[in-house]
Amino acid sequence: MEKWIDLRSDTVTQPTQEMREAMYRAQVGDDVYGDDPTMNELERKAAEMLGKEAALFMASGTMGNAVAVMSHIQRGNEVILSDTAHIVAHEVGGAAVLSQAFIRTLHFKDGLFDAEQIRAAIRDRSNIHYPYTGLICVEEPLATGKVVPLERLQKVYQMAKEENIPVHMDGARIFNAATALGVDVKEIAACTDSVMFCLSKGLCAPVGSMLVGSKEYIERARRNRKMLGGGMRQCGFLAAAGLIALEVMTKRLQEDHDNAKYMAQRLQKMPGVTLDMNSVEINMVFFKLDAPKEVIDSLPEKMLEAGVKINGIEDGEFRFVTTHDTSREDIDRALDAFEKIIKA
């Protein structure tokens with residue numbers, strides 16, 4: 001196969017040539033001792049871009065969220081999240097295992113956070129029968145690809161401040177959200193006490209995520225990261241790619257969003273495909289396919305034979321994702337194959 005077209009996720013992007021060259025040239029030290037200059041610069045840059053005091057490199061988004069929760073709460077505290085939160089659905093129960101947190105999920109209409117609904121779920125601190133509500137977690141954008149309006153996040157944060165409860169944001173694709181909203185990423189981060197965001201989702205870095213917050217908070221996080229085995233040594237090689245992810249790749253995400261809309265428009269015209277164009281706000285297209293079960297189950301294998309990698313159906317929907325590595329020509333080739341298969 002001359003070139004695979006990969007629509008599974010924006011985690012599959014290859015490092016750019018600029019990243020590869022930067023990694024080769026990177027000056028490194030021992031980050032556990034704090035003397036890796038490239039990592040120090042990445043952490044400084046990440047904190048500056050999100051308007052926070054400090055930042056810490058993480059091996060992954062899952063590690064970032066795990067350390068974030070550990071660094072906010074005491075064991076036995078309750079954490080309030082959406083019932084669709086990545087922390088709940090896709091992080092191996094880490095909040096329960098590592099932080100010994102009591103997880104309380106709320107269902108929000110259209111997935112959009114409601115400040116007063118969250119306020120109503122906060123425990124009565126005077127009642128010794130209840131766990132102490134120690135943290136509120138939000139996401140931006142949502143795992144569904146929807147972007148939460150800024151005013152929603154602002155209201156949640158204002159309410160949390162009134163209740164003296166910190167807010168952590170799983171902002172894995174926060175730069176996609178900022179692009180879709182047309183705002184500086186700092187405006188989103190200002191609605192939180194801490195943010196985790198990924199360098200390897202859509203930004204093409206090979207490894208890594210960042211956790212940002214106050215200096216005091218990040219010092220606690222650094223200790224917890226070490227406990228989990230995340231104290232890396234000459235990791236400036238990874239930081240070099242991360243710097244280009246921040247300085248270069250964050251500025252081109254609109255192209256991925258435009259390609260996702262183009263893909264959705266083509267899919268919408270195909271027989272049996274149902275999707276909501278209004279939900280295509282970033283680089284992800286979710287859709288349902290009315291077809292026999294054997295057709296749906298065989299799609300990943302048949303698409304692979306056509307040179308296209310896709311995930312199977314999940315919760316009744318398919319998800320196609322556009323990236324830096326996905327051109328309009330690639331999208332047309334992939335969708336031509338898809339349409340041929342579902343019509344057969």
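Numbers here simply count residues along the sequence, with the first being 1.
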Could you tell me whether the side chain of [X] and the main chain of [Y] form a donor-acceptor pair under 3.5 Å?
{"X": "K269", "Y": "Q265", "value": "no"}
{"X": "E78", "Y": "F102", "value": "no"}
{"X": "E140", "Y": "V148", "value": "yes"}
{"X": "D258", "Y": "A260", "value": "no"}
{"X": "R104", "Y": "A121", "value": "yes"}
{"X": "T11", "Y": "K201", "value": "no"}
{"X": "E281", "Y": "V147", "value": "yes"}

I'd like to know if [Y] and [X] are part of one continuous hydrophobic network [Ile/Leu/Val/Met/Phe/Trp/Tyr, side-chain heavy atoms within less than 4.5 Å].
{"X": "L106", "Y": "L81", "result": "no"}
{"X": "V308", "Y": "Y262", "result": "yes"}
{"X": "L246", "Y": "M169", "result": "yes"}
{"X": "I310", "Y": "V321", "result": "no"}
{"X": "I103", "Y": "M70", "result": "no"}

Fill in: side-chain hydrogen bond (donor to acceptor under 3.5 Å, both in side chains) between S82 and T84, worked out
CA-CA 5 Å; S82 167; T84 61; 3.1 Å; yes

Worksheet entry | Identified side chain to side chain contact (heavy atoms under 4.5 Å, CB included) partner of V195 from the options V138, I174, L211 |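 Of the listed residues V138, I174, L211, the side chain to side chain contact (heavy atoms under 4.5 Å, CB included) partner of V195 is I174.
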
Report, as yes or no, whether the 6.0 Å neighbourhood of atom [atom1] on [X] holds more than 12 heavy atoms from other residues, nucleotides or ligands.
{"X": "K161", "atom1": "NZ", "result": "yes"}
{"X": "Q117", "atom1": "CD", "result": "yes"}
{"X": "Q74", "atom1": "CD", "result": "no"}
{"X": "K155", "atom1": "NZ", "result": "no"}
{"X": "D124", "atom1": "CG", "result": "yes"}
{"X": "E329", "atom1": "CD", "result": "no"}
{"X": "K309", "atom1": "NZ", "result": "yes"}

Between [X] and [Y], which heavy-atom pair has the shortest distance, and what is it?
{"X": "M23", "Y": "P206", "answer": "CE-CG, 4.1 Å"}
{"X": "N77", "Y": "G134", "answer": "OD1-CA, 3.8 Å"}
{"X": "L142", "Y": "G111", "answer": "CD1-O, 3.4 Å"}

Would you mind checking if [Y] and [X] are paired as a salt bridge, meaning a charged N to carboxylate O distance below 4.0 Å?
{"X": "E255", "Y": "R252", "result": "yes"}
{"X": "R266", "Y": "D336", "result": "yes"}
{"X": "R173", "Y": "D10", "result": "yes"}
{"X": "R8", "Y": "D6", "result": "yes"}
{"X": "D325", "Y": "K3", "result": "no"}

Can you tell me if [X] and [Y] form a side-chain donor-acceptor pair at under 3.5 Å?
{"X": "S71", "Y": "N224", "result": "yes"}
{"X": "H86", "Y": "E139", "result": "no"}
{"X": "H257", "Y": "N283", "result": "no"}

Discussion item. Suppose we call two aromatic rings close when their centres sit under 6.0 Å apart. Are F287 and F338 close by that rule?
Written reply: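 That pair passes the under 6.0 Å test.
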
Fill in: Ring centers of F197, F175 separated by less than 6.0 Å
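Yes; F175 has its ring centre under 6.0 Å from that of F197.
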
Worksheet item: Which pairs, with at least one residue in residues 26-41 and sequence neighbours excluded, count as a side chain to side chain donor-acceptor pair (under 3.5 Å)?
Response: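 Pairs touching residues 26-41 that pass the test: D30-R233, D31-R225, E41-R44.
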
Worksheet item: Under 6.0 Å from the six-membered ring centre of F113 and within 45° of its axis: does the NZ or CZ of R152 meet both?
Response: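 Negative - R152 is either too far from the ring of F113 or too far off its axis.
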
Item to complete: Apply the test side-chain hydrogen bond (donor to acceptor under 3.5 Å, both in side chains) to residues Q158 and E162: give CA-CA distance (whole Å), side-chain angles for both, the deciding distance (0.1 Å), then the verdict.
Response: CA-CA 6 Å; Q158 178 60 39; E162 293 168 4; 3.2 Å; yes

Worksheet entry | Contacts of R125 that satisfy side chain to side chain contact (heavy atoms under 4.5 Å, CB included) - sequence neighbours left out |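 Residues passing side chain to side chain contact (heavy atoms under 4.5 Å, CB included) with R125: I122, Y132, E163, I165.
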
Practice prompt. Give the C-alpha distance, both sets of side-chain angles, the deciding distance and a yes or no for side-chain hydrogen bond (donor to acceptor under 3.5 Å, both in side chains) between D330 and S327.
Written response: CA-CA 5 Å; D330 292 333; S327 67; 3.1 Å; yes

May I ask you to test the [X]-[Y] pair for a side-chain heavy-atom distance under 4.5 Å?
{"X": "Y217", "Y": "D193", "value": "no"}
{"X": "N259", "Y": "R328", "value": "yes"}
{"X": "H168", "Y": "L135", "value": "yes"}

Item to complete: Step by step, work out the side-chain hydrogen bond (donor to acceptor under 3.5 Å, both in side chains) result for R319 and N311.
Response: CA-CA 7 Å; R319 183 188 76 168; N311 286 324; over 6 Å; no

